[in-house]
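Each remark here refers to the structure printed beneath this line.
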Amino acid sequence: MGRLEGKVAVITGGASGIGRASVERFAAEGAKVAVVDLDEEKGKALAAEVDGIFVRADVTNAAEVEQMYDAAISAFGGLDVCFNNAGISPPEDDSILTTELAAWERVQQVNLTSVYLCCRAGIARLLEHGGGSVINTASFVAILGAATSQISYTASKGGVLAMSRELGVQFARKGVRVNALCPGPVNTPLLRELFAKDPERAARRLVHVPMGRFGEPEEIAAAAAFLASDDASFITASSFIVDGGIHAAYVTPLEGE
């Protein structure tokens with residue numbers, strides 16, 4: 001038996017990157033998974049691969065968020081895990097001196113308001129089904145500052161972290177655990193596209209990683225699977241950092257040290 005045998009999980013942003021790797025890992029661990037995304041082609045194909053379901057939903061739309069959870073409950077008979085992972089990092093979100101209000105608001109809607117909506121609807125249903133685990137994707141930038149700023153992204157992830165901590169405390173005695181997963185820079189299509197356009201920016205970021213490399217989606221998925229499982233039964237309201245040591249580094253090692 002896998003660690004998630006018999007559990008039902010809803011994973012947003014599930015068709016690519018960390019979301020896709022998490023869908024695959026959760027299914028391998030025995031969970032029934034609802035893949036939530038706007039990309040129908042990739043989402044349906046992935047859901048078929050893992051014997052799950054695909055739900056097309058805009059996570060900034062309250063009604064569609066409600067419907068995605070109801071679809072999972074209807075298909076699988078319950079709900080145990082809400083992995084609120086969907087997010088964006090558009091190039092127009094940059095320095096506060098150049099980021100326009102429209103870009104700021106779009107990132108806040110997708111990265112923060114969507115997590116509020118998913119937590120509101122998801123926690124209500126988890127309580128109805130005896131409790132469970134909520135995992136909200138924040139970021140290491142929620143606890144560190146960067147001179148290569150993505151100001152709205154950073155602020156949104158700080159909001160996710162603070163909200164997760166508060167919800168984790170609020171529902172701790174009601175059987176619902178809420179944790180913020182804080183990845184470091186991860187080797188996803190989004191990051192590769194961003195850094196392909198600006199190799200200097202990539203180099204400036206990579207030098208700060210003690211391990212000397214970016215993370216892989218599968219490594220973040222493994223952490224999410226742990227937080228979703230009963231192995232994490234005493235972990236709530238935490239900032240679960242998976243960043244190759246960035247948050248703890250003052251000077252990183254040279255090769256051979």
Would a single hydrophobic cluster contain both V36 and L4, if residues Ile, Leu, Val, Met, Phe, Trp and Tyr are joined by side-chain heavy-atom contacts under 4.5 Å? no
Could you see if V134 belongs to whatever hydrophobic cluster contains V55? Use Ile, Leu, Val, Met, Phe, Trp, Tyr and a side-chain cutoff under 4.5 Å. yes
According to side chain to side chain contact (heavy atoms under 4.5 Å, CB included), who are the partners of A9, at least two apart in sequence or on a separate chain? F26, V81
Side chain of N179, backbone of S164: donor and acceptor closer than 3.5 Å? no
Does T12 reach the main-chain N or O of N85 with its side chain, forming a donor-acceptor pair under 3.5 Å? yes
With a 4.5 Å cut-off on side-chain heavy-atom distances among I, L, V, M, F, W and Y, is there a chain of contacts connecting Y116 to I135? no
Would a distance-only check, ignoring hydrogens and angles, find a side-chain to backbone donor-acceptor pair under 3.5 Å from Y69 to A124? no
Would you find a donor on one side and an acceptor on the other, under 3.5 Å apart, between the side chain of R177 and the backbone of A232? yes
Given the rule in the side-chain contact (heavy atoms from CB on, under 4.5 Å) test, do S149 and I96 qualify, once you have shown the distances and angles that lead to the verdict? CA-CA 8 Å; S149 182; I96 197 168; over 6 Å; no
Side chain to side chain donor-acceptor pair (under 3.5 Å) partners of H247, counting only residues at least two apart: D243
Mind jotting down which residue pairs meet the salt bridge (charged side-chain N to carboxylate O under 4.0 Å, His left out) criterion with at least one end in residues 85-112? Sequence neighbours excluded, please. E92-R106, D94-R201
Judged by atom type as modelled, is there a donor-acceptor pair below 3.5 Å linking the side chain of S233 to the main-chain atoms of D230? yes
Do V115 and V10 share a hydrophobic cluster (ILVMFWY, side-chain heavy atoms under 4.5 Å, transitive)? yes
Could you list the residues that satisfy side chain to side chain contact (heavy atoms under 4.5 Å, CB included) with D37, not counting sequence neighbours? A15, D39, F54
Given 3.5 Å as the limit, does a donor-acceptor pair link the side chain of E64 with the main chain of N61, or not? no
Short question: side chain of S133, backbone of L227 - any donor-acceptor pair under 3.5 Å? yes
Any ring-ring contact (aromatic ring centres under 6.0 Å, His included) involving residues 198-246? Give me the pairs, sequence neighbours left out, ordered by first then second residue. F195-F214, F226-F240
Determine whether V178 and L127 fall in the same hydrophobic cluster, where Ile, Leu, Val, Met, Phe, Trp and Tyr are linked whenever their side-chain heavy atoms lie under 4.5 Å apart. yes
Would I18 and V186 count as a side-chain contact (heavy atoms from CB on, under 4.5 Å) here? Give the steps. CA-CA 8 Å; I18 293 170; V186 178; 4.2 Å; yes
Decide whether Q108 and S156 meet the rule of one side-chain donor and one side-chain acceptor closer than 3.5 Å. no
Between L167 and T236, is the side-chain contact (heavy atoms from CB on, under 4.5 Å) condition met? List the steps. CA-CA 9 Å; L167 295 175; T236 195; over 6 Å; no
Could you list who else is in V251's hydrophobic cluster, with ILVMFWY side chains joined at under 4.5 Å, directly or through other members? Y250
For E216, does the CD atom have more than 12 heavy-atom neighbours from other residues, nucleotides or ligands under 6.0 Å away? yes
W104 backbone acceptor or donor facing S152 side chain under 3.5 Å: yes
